[in-house]
Protein chains: 2
Amino acid sequence: MPGMKIGDLATRTGTNAPTIRYYEEIGLIPRADRQDGGQRRYGDEDVKRLTLIRRCREFGFPIEQVRSLVALAEEPGRSCLEARDLAREHLMAVRAKLHELKVLEQSLARFVASCETACAGGPGPDCTILGDLATPSSQARTLSEAGQTARRLRARR
Amino acid sequence: MPGMKIGDLATRTGTNAPTIRYYEEIGLIPRADRQDGGQRRYGDEDVKRLTLIRRCREFGFPIEQVRSLVALAEEPGRSCLEARDLAREHLMAVRAKLHELKVLEQSLARFVASCETACAGGPGPDCTILGDLATPSSQARTLSEAGQTARRLRARR
DNA sequence: GTAGGTCTTCAAGTAACTTGAGGTTCAAGA
DNA sequence: TCTTGAACCTCAAGTTACTTGAAGACCTAC
């Protein structure tokens, strides 16, 4: 009776139940306590852990990267500098993604807006505005650099 | 001699060459012109198309979603309203992601900063700050809602 | 003309889930 | 107390989106 079951944890963290079982299987989260019938029970720290995991996964950080971040979060006695460096690298990658995402957002917003005014009703023939969406970003290297970062992060386990 | 080869397109868009071949195979990009020896040649519009594709993929939009967006970008005569609606849905999803990413960025930044001051040198024992990273976001539903959106977008082909 | 880097196809491998089958558990209502 | 239906269990197979490898062809530069 203490703690929530897998379905509750799932809805609270925006994860599917099978995914949670999968994470347990690969050891990304610790094996959950079972009650008599064998059903898993979870507590608040499981919500926290899984939230962190999902947030990272949502933005393309590979499981192995997430695993090391989670490990740092769990063992507080470990080298603080190591944690900081890992977090800093993570942060840089996140910022690169943030930048790219803003570019995408602006292009889309501009597209929707011009759609609104251009073809107010019928099928407009001059709706080539999407071309704008596809222009390589100002520096023309941001995308590939973000890729680089991601790949580098992946490489170092 | 006209146009660039696959390696050039790859570096310009931050894509691997095999991925480009794969995209051609599944029909996400049109079959490239070949020169005598059978090697693919690309032009500027290929850079644009692939940039758009990669930008969308980078943020988790499934291939089939990207396919329809690209299709809209190619056929300008098509229903403008349809394009707008699709783009608008896309935009909402992007904004949700943007919000989540900002939360992640701030948590990471705060973590790095407090690491800086707390353990300026040796291994600090009180480095439990990572717990902060894992707190469910303010509304406690943002993450799952973003998931919802993504799933809905995926569902409608 | 030959060396090496880049290209070709095709097949198999990988990551991170997702879905399905077939059965068990549990809380709630009759 | 019994029963029924939703939610759980395990295990296996399927899916998406690539990635890697093998074995060979091409092409530019010396």
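So you know, we letter chains A, B, ... as the sequences are listed, proteins then strands, and number each from 1.
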- Apply side-chain hydrogen bond (donor to acceptor under 3.5 Å, both in side chains) to A/Arg95 and list each qualifying residue two or more places apart in sequence or on a separate chain. B/Glu105
- Given atom CD1 of A/Ile20 and atom C1' of D/dT10, what is their separation to the nearest angstrom? 16 Å
- Separation of atom CD1 in A/Ile63 from atom C1' in D/dC18, rounded to whole Å: 16 Å
- Rounding to a whole Å, what distance do you find between A/Arg31:CZ and D/dC9:C1'? 12 Å
- Does A/Asn16 put a side-chain nitrogen or oxygen below 4.0 Å from OP1 or OP2 of C/dT18? yes
- Point-to-point distance, once rounded to the nearest 0.5 Å, from OG1 of B/Thr19 to CD of B/Glu25: 11.5 Å
- Query: For C/dT9, does OP1 or OP2 lie under 4.0 Å from any side-chain N or O of B/Arg40?
  - Reply: yes
- Query: How would you list, by chain and number, every residue that makes a side chain to side chain contact (heavy atoms under 4.5 Å, CB included) with B/Ala10, sequence neighbours excluded?
  - Reply: B/Ile20
- Under 4.0 Å between a side-chain N/O of B/Arg67 and OP1 or OP2 of D/dA17, yes or no? no
Restricting to nitrogen or oxygen on both sides, can you table the protein-nucleotides 11-15 of chain D pairs closer than 3.5 Å?
none

- Message: For a quick check of understanding: with a heavy-atom distance under 4.0 Å over all strands, which category does B/Arg57 fall into, base, sugar-phosphate or nothing?
- Response: sugar-phosphate
- Rounded off to whole Å, could you give me the CZ-to-C1' distance for the A/Arg21 and C/dA16 pair? 16 Å
- Message: My understanding is that only residues two or more places apart in sequence, or in another chain, count here; which of them pass side chain to side chain contact (heavy atoms under 4.5 Å, CB included) with B/Asp8?
- Response: B/Met4, B/Lys5
- Item | Between CG on residue B/Leu104 and CG on residue A/Leu91, distance to nearest 0.5 Å | 8.5 Å
- Query: OP1 or OP2 of D/dA17 less than 4.0 angstrom from a side-chain nitrogen or oxygen of B/Thr19, does that happen here?
  - Reply: no
- Task: Could you tell me the separation between the CZ atom of B/Arg12 and the CG atom of B/Leu50, rounded to the nearest 0.5 Å?
- Result: 12.0 Å
- Can you tell me the distance, in whole Å, between the CD1 atom of A/Ile53 and the C1' atom of C/dA16? 13 Å
- Earlier contact from the 5' end, DNA chain D, for B/Tyr22 and B/Pro18: B/Tyr22
- Counting any heavy atom closer than 4.0 Å, what does A/Ile26 reach on the DNA or RNA strands: base, sugar-phosphate only, or nothing? nothing
- Report the residues that fulfil side chain to side chain contact (heavy atoms under 4.5 Å, CB included) with B/Pro30, sequence neighbours left out, ordered by chain and then residue number. B/Arg49
- Any residue meeting salt bridge (Lys or Arg N to Asp or Glu O under 4.0 Å) with B/Arg67, in chain and number order, not counting sequence neighbours: B/Glu64
- Look at the side chain of B/Arg54 and the backbone N and O of B/Leu52, then say whether any donor-acceptor pair between them is shorter than 3.5 Å. no
- Would you mind reading off the distance between A/Arg34 atom CZ and C/dC26 atom P, rounded to a whole angstrom? 13 Å
- Between C/dT6 (P) and B/Met4 (CE): distance, integer Å: 17 Å
- Scoring nucleotides 24-30 of chain D by protein non-hydrogen atoms under 4.0 Å (B base, S sugar-phosphate only, - none) yields --SS---
- Task: Would you please name every residue forming a salt bridge (Lys or Arg N to Asp or Glu O under 4.0 Å) with A/Arg40, sequence neighbours left out?
- Result: A/Glu24
- Between B/Tyr23 and D/dA17, is there a side-chain N or O to OP1/OP2 distance below 4.0 Å? no
- Task: To the nearest Å, give me how far apart CD (B/Gln65) and C1' (D/dA17) are.
- Result: 16 Å
